[in-house]
Protein chains: 2
Amino acid sequence: MRVAVDAVVFTIMHDELRILLIKRKYEPFQGKYALPGGFVHADEELEHACQRELEEETNVQQIFLKQFGAYGGVKRDPRGRILSVAYFALIRPEQKLIASFDATEPRWHSVYDLPELGFDHSKIIADALRQLRYELQTTNIAFQILPERFTLRELQQVYELVLDKKLDKRNFRKRIKELRILEETAEHKMEGAHRPAQLYRFCTPAHQNIRKKVNVFLQ
Amino acid sequence: MRVAVDAVVFTIMHDELRILLIKRKYEPFQGKYALPGGFVHADEELEHACQRELEEETNVQQIFLKQFGAYGGVKRDPRGRILSVAYFALIRPEQKLIASFDATEPRWHSVYDLPELGFDHSKIIADALRQLRYELQTTNIAFQILPERFTLRELQQVYELVLDKKLDKRNFRKRIKELRILEETAEHKMEGAHRPAQLYRFCTPAHQNIRKKVNVFLQ
DNA sequence: CCAAAAGTGTTGGTTTTACACCCATGG
DNA sequence: CCATGGGTGTAAAACCAACACTTTTGG
């Protein structure tokens, strides 16, 4: 049985939760959209394969991937039996997308307005979104999508857009502060004609890739 | 790459949470304990393979399995690259265990006193236990381990032994009753020299295999 | 001075925890 | 009559949800 990996990469862009999809250049599902992914090489760790395929097909690099399921249905791929291990990530939107030889049009698509997808990728995305929402409320993954310094409003927007739910500003700030995982920086973010916002950073030095139970579980 | 499945089967026996292990008759890890499992056949669904291997190696049949992870480390199996998809289940302890040709001594082992295990099965078990505890608190899997009719004390014991934590009797009963997923039966369980206990059953007819969010999240 | 986002506490309602006694039975 | 587990309610504490005004800035 061949083993592949698929990546469900989320970001926030223009106030929307979006997913990175490619357009398939060849059969099967030629011309259809699909998740970036591909076959695992011999002697290659699964997560590495996922990073590699993602970079090859979209140019997105250096992200923290979390495995959330394996999809092994007998008929899921018309080429034969292919098991796919699925990973998700939440990343900053600034990386430049570059198409590859066999995957064109790497693009961000709104989670709530996806095109028709090949394989069982709709199901994989639905599972990934459920997992993302759970982890957002129990770990610090939100910080993967934010710049090193960020305002509380930016943090709240991540929660609101991922959970697809408005949150109360005062309650949100109270709870985040109680967690004691943020520290104020000396700077403020000045933009627009209004009071500048305090910039915060994540306390623990490894604000990447180390997940901490935070139990936000907001409203 | 070859694809296998492994089953982490939990039960409760003699007031202990236990796991079903087999002893390996051949290399690799000959003589060591391991999870029941084996290779997926061509054109066989993963879950079916897991059921089949479990039956072949231990005689345990007809259980509800839930996938919780894929283990694909390059070096995890000395025979070569083997990816294993792991499933867990919580079952009633009464099925008779029967050894197979290549797996001897199918036996229940206390989760807190496991023998030395082959492969990366210690890690798989640790992950399964975490998942079991989570699902016990958010779904109705507890009912898979209970007989059709059961007392509230029996239900509470499942929670206590899986979560490894004492629960308050009155609070437990209050919360379970509020969920409105149980109905009283006409019978009482008479055993021992004390007041007979009301027997309950799970309301919805499909008290197997259908998971319902119950949000117990006890204490 | 106006618009826009930043920042800040309190209150009422709900949920959770802690806790102790009487009941029904068998031996 | 004694030992054993079955069964029940209440009060205090903790937590959560709802809510509005003042501040700082740029234009």
Side-chain angles (χ1 to χ4, degrees), chain A residues 12 14-15 133-134 136-138 142 146-147 149-161 163-201 213-219, chain B residues 12 14-15 133-134 136-138 142 146-147 149-161 163-201 213-219:
Chain A
I12 289 173
H14 302 304
D15 292 335
R133 286 178 173 159
Y134 174 67
L136 188 70
Q137 292 171 88
T138 50
L146 292 166
R149 279 176 260 179
F150 50 86
T151 66
L152 292 180
R153 147 169 274 251
E154 289 165 343
L155 180 60
Q156 183 175 343
Q157 274 191 1
V158 173
Y159 279 83
E160 291 187 335
L161 291 171
L163 302 178
D164 197 24
K165 184 193 282 186
K166 277 264 163 281
L167 300 176
D168 179 85
K169 181 165 61 160
R170 278 176 291 192
N171 292 337
F172 180 83
R173 288 170 182 232
K174 209 182 311 166
R175 280 159 98 155
I176 291 291
K177 285 183 177 169
E178 274 162 11
L179 295 174
R180 313 204 153 276
I181 53 175
L182 296 189
E183 61 186 15
E184 293 189 1
T185 66
E187 286 108 301
H188 290 253
K189 181 166 192 170
M190 315 263 235
E191 59 160 9
H194 55 83
R195 182 171 172 177
Q198 179 67 242
L199 282 164
Y200 290 82
R201 79 160 66 87
K213 280 272 168 192
V214 294
N215 271 311
V216 177
F217 265 116
L218 298 146
Q219 285 146 39
Chain B
I12 289 174
H14 303 304
D15 293 335
R133 286 179 172 155
Y134 174 68
L136 188 70
Q137 292 173 86
T138 50
L146 292 166
R149 279 175 260 182
F150 51 87
T151 66
L152 293 180
R153 147 170 276 254
E154 290 165 342
L155 181 60
Q156 185 175 343
Q157 273 190 5
V158 173
Y159 280 83
E160 290 188 337
L161 292 171
L163 302 178
D164 197 25
K165 183 192 284 185
K166 277 265 163 280
L167 301 175
D168 179 83
K169 181 165 61 162
R170 278 177 290 191
N171 293 337
F172 180 83
R173 288 170 181 233
K174 208 184 310 168
R175 278 159 97 154
I176 291 291
K177 286 182 175 169
E178 275 164 9
L179 295 174
R180 312 203 157 275
I181 53 176
L182 296 189
E183 61 187 16
E184 293 188 3
T185 66
E187 284 109 300
H188 290 254
K189 181 165 191 171
M190 316 265 236
E191 59 160 7
H194 54 83
R195 179 171 175 179
Q198 178 69 243
L199 283 165
Y200 290 81
R201 79 160 66 86
K213 280 273 168 192
V214 293
N215 271 312
V216 178
F217 265 117
L218 297 147
Q219 285 147 38

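Basis for what follows: all heavy atoms, side chains included, without hydrogens, waters or symmetry-related copies. Residue numbers start from 1 in every chain, and the chains themselves are labelled A, B, ... in the order their sequence lines are given, proteins ahead of strands.
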Measure the distance from [atom1] on [X] to [atom2] on [N] and round it to the nearest whole Å.
X	N	atom1	atom2	answer
B:Arg175	C:dT14	CZ	P	17 Å
A:Lys165	D:dA17	NZ	C1'	12 Å
A:Glu154	C:dA5	CD	P	13 Å
A:Leu155	C:dA6	CG	P	13 Å
A:Lys166	D:dA17	NZ	P	17 Å

Worksheet item: Is there a donor-acceptor pair under 3.5 Å between the side chain of B:Glu184 and the backbone N or O of B:Gln198?
Response: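 A pair under 3.5 Å: no.
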Which residues pass the side chain to side chain contact (heavy atoms under 4.5 Å, CB included) test with [X], not counting sequence neighbours?
X	result
B:Gln157	B:Asp15, B:Arg153
B:Arg170	B:Asp168
B:Lys174	B:Asn171, B:Glu178
A:Lys177	A:Leu152, A:Tyr200

Fill in: Contacts of type side chain to side chain donor-acceptor pair (under 3.5 Å), residue B:Arg195, not counting sequence neighbours
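With sequence neighbours excluded, B:Arg195 shows a side chain to side chain donor-acceptor pair (under 3.5 Å) to no residue whatsoever.
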Worksheet item: Where along nucleotides 1-10 of chain D does protein come under 4.0 Å, by heavy atom, of base (B) or sugar-phosphate alone (S), with - for untouched nucleotides?
Response: --BBBBBBBB
